[in-house]
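Some notes on the structure that comes next.
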Number of protein chains: 2
Amino acid sequence: MTAMTQKAQHKNAQTAATQNETKKPRKILPREERRQQLIEATISCIARDGLGSTTMQMVTKEAGLSLGIANLHFETKDNLLKETLRYVAEEYHSGQIAIMQGQETEDLTSRLTALLNFQLSQGVTQRQKMAVWFAYYGEAGARPVYQKIVSAWDRAAAKQLETLFEAIIEDGQYRNIDAADLAMGYSALIDGLHLALLVTPRELTKKQAKAIAKDFLQRAFPKHL
Amino acid sequence: MTAMTQKAQHKNAQTAATQNETKKPRKILPREERRQQLIEATISCIARDGLGSTTMQMVTKEAGLSLGIANLHFETKDNLLKETLRYVAEEYHSGQIAIMQGQETEDLTSRLTALLNFQLSQGVTQRQKMAVWFAYYGEAGARPVYQKIVSAWDRAAAKQLETLFEAIIEDGQYRNIDAADLAMGYSALIDGLHLALLVTPRELTKKQAKAIAKDFLQRAFPKHL
DNA sequence: ACCAAGAATGAATAACCATTCATTCTTGGA
DNA sequence: TCCAAGAATGAATGGTTATTCATTCTTGGT
């Protein structure tokens, strides 16, 4: 039985759960690692139980650590939640921007499909991430600080997308298309698809979502797709 | 001063705020009216303070009533929140469905634009409503009951939209268009636009949002718009 | 005008939660 | 090997919240 426990040791909270009577092999880690570990535990809790009912106890238990540790590393719960949002926002938006800036002189079409594939990739569309994303959106109206955290990244990504669309419009000599409006529409479509994947996964597969987003771009840029 | 208080009596929470020392003109109303009043107070609280930090005290104060009243009429807070979601969901989805069923033999195009205008109408896009909407979506991942409340209406609306799109595709003899996918895409776009109007109203006006949604339909159904 | 039914009130209760900090434990350097 | 620095723990604290229910008030029917 003890052997099984040993074998089952990943580095997640299950460890804490399966520990029966062996007291505590307390571990000390550098600040940044602990912070990251706590942020990931927070993401899991928000995804499983919602932002509203996530408690410090749940987060620290999920991380397999003691109650006080989150306050030690993040000062307040509020701060932990802010940092968690910052982490998720940065991961998503910096990924997008990296693709759009596309150092390599890839053609516009492949940059566009790379973007689409990233936005609906396995990594981005896993329930954990989308749940966190929309949990924060849900509170954004009441908590300006959440908007502020996201908006900087958001504007940057929007600008990049607009630039990419402008280049495509120029390249294809498309008429009667406003790059800004189209970029806003495409972003809204992606957000809406994420929401549908989260809330009604039965009605929409990831493959379908990709096809829908691709259709949108095809209708706008028929010469490129 | 007493006269002013009397005169200022609407039936909202301001009454309670302006009451200085006059104790309590307690009012008795039929069950359904009180329930509706409490639901509307709940909507205001969620929009102002978020779903997570909305308390019974805030809701009953907003309604200008005593603390215990919400439990009297809704049994539990959980139930009040569920009924509030049900109300908002029904208002939105039944409005949509009414337009799409369109008893009058309007042509397809005007039914389509009527739908679009409703979905981005003043009534639907007011912060109060959208904030509530997304507050619940934010918790939907963790609270299946919320999904259940919305999903019935959602499926009905999706079916209707699909039928409308099929009729338009048939009427215009459009090729290579899947009604179901297009309907899903359009719905996602509308949701995404609502989200953008809520979270980044600075970046998107309602007029713009309408133009973007119209563009989407124009590209799909050029002969009809 | 009077009263019983039941609507409304709000003080009291019990549960829960974020945060603190005295104490215990770990570890890198001497 | 040994120790000081500081990382980690978790019991204790103070504040907040949903819910209850004894009491008070309103009103429609007589």
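Letters go in sequence order (proteins before strands), and every chain restarts at 1.
As a whole-Å value, the separation of B:Leu29 CG from C:dA8 P is 6 Å. One interatomic measurement links the two molecules: CG of B:Leu65 to P of D:dC25, which rounds to 17 Å at whole-angstrom precision. Atom P of nucleotide D:dA7 and atom CZ of A:Arg35 are separated by 13 Å, given to the nearest angstrom. Atom NZ in B:Lys61 sits roughly 13 Å away from atom P in C:dG10 (whole-Å rounding). Atom CZ in A:Arg34 sits about 14 Å away from atom C1' in D:dG6, given to the nearest Å. Put simply, NZ on B:Lys27 is 13 Å from C1' on C:dA7, counting in whole angstrom units. Separating the CD1 atom of B:Ile69 from the P atom of C:dA7 is a distance of 10 Å, rounded to the nearest angstrom. Atom-to-atom, CD of B:Glu32 to C1' of C:dA7 comes out at 15 Å; the value is rounded to the nearest Å.
Side-chain proximity of B:Met56 to D:dT9, D:dA18, D:dA12: nearest is D:dA18. Here the side chain of A:Gln57 is nearest to one of C:dC17, C:dA12, D:dA8, namely C:dC17. Side chain of A:Arg26, nearest nucleotide from C:dG10, D:dA7, C:dT9: D:dA7. Here the side chain of A:Thr55 is nearest to one of C:dA8, D:dT19, C:dC17, namely C:dC17. The nucleotide whose nearest atom lies closest to any side-chain atom of A:Ile28 is, among D:dC25, C:dC17, C:dT27, C:dT27. Of the candidate nucleotides C:dT9, D:dA8, D:dA18, D:dA8 has the atom lying nearest to any side-chain atom of A:Ser66. The side chain of A:Leu72 sits closest to D:dA7 out of D:dA7, C:dT9, D:dT19. Nearest nucleotide to the side chain of B:Lys77, out of D:dT19, D:dA12, C:dA7: D:dT19. The side chain of A:Asn71 approaches C:dT20 more closely than any other nucleotide in the set D:dA8, C:dT20, C:dT9.
Judged as a side-chain hydrogen bond (donor to acceptor under 3.5 Å, both in side chains), and not counting sequence neighbours, the contacts of B:Glu203 are A:Arg155.
Contacts of B:Arg31 with the nucleic acid, taken as non-hydrogen atoms under 4.0 Å apart, are absent.
Ring-centre distance between A:Phe134 and B:Tyr137: not below the 6.0 Å cut-off.
Both B:Pro30 and A:Met58 sit near DNA chain C, but only B:Pro30 has its closest nucleotide nearer the 5' end.
Using modelled atom types, one finds a donor on one side chain and an acceptor on the other under 3.5 Å when comparing A:Glu40 with A:Gln36.
Classification of the A:Phe118-A:Tyr92 ring pair by plane angle, with boundaries at 30° and 60°, yields parallel. In this pair, B:Phe216 and B:Tyr186 present their aromatic rings tilted. The plane angle is within the 30 to 60° band.
Considering only side-chain N and O atoms, A:His73 lies nowhere under 4.0 angstrom from the phosphate OP1 or OP2 of D:dA7.
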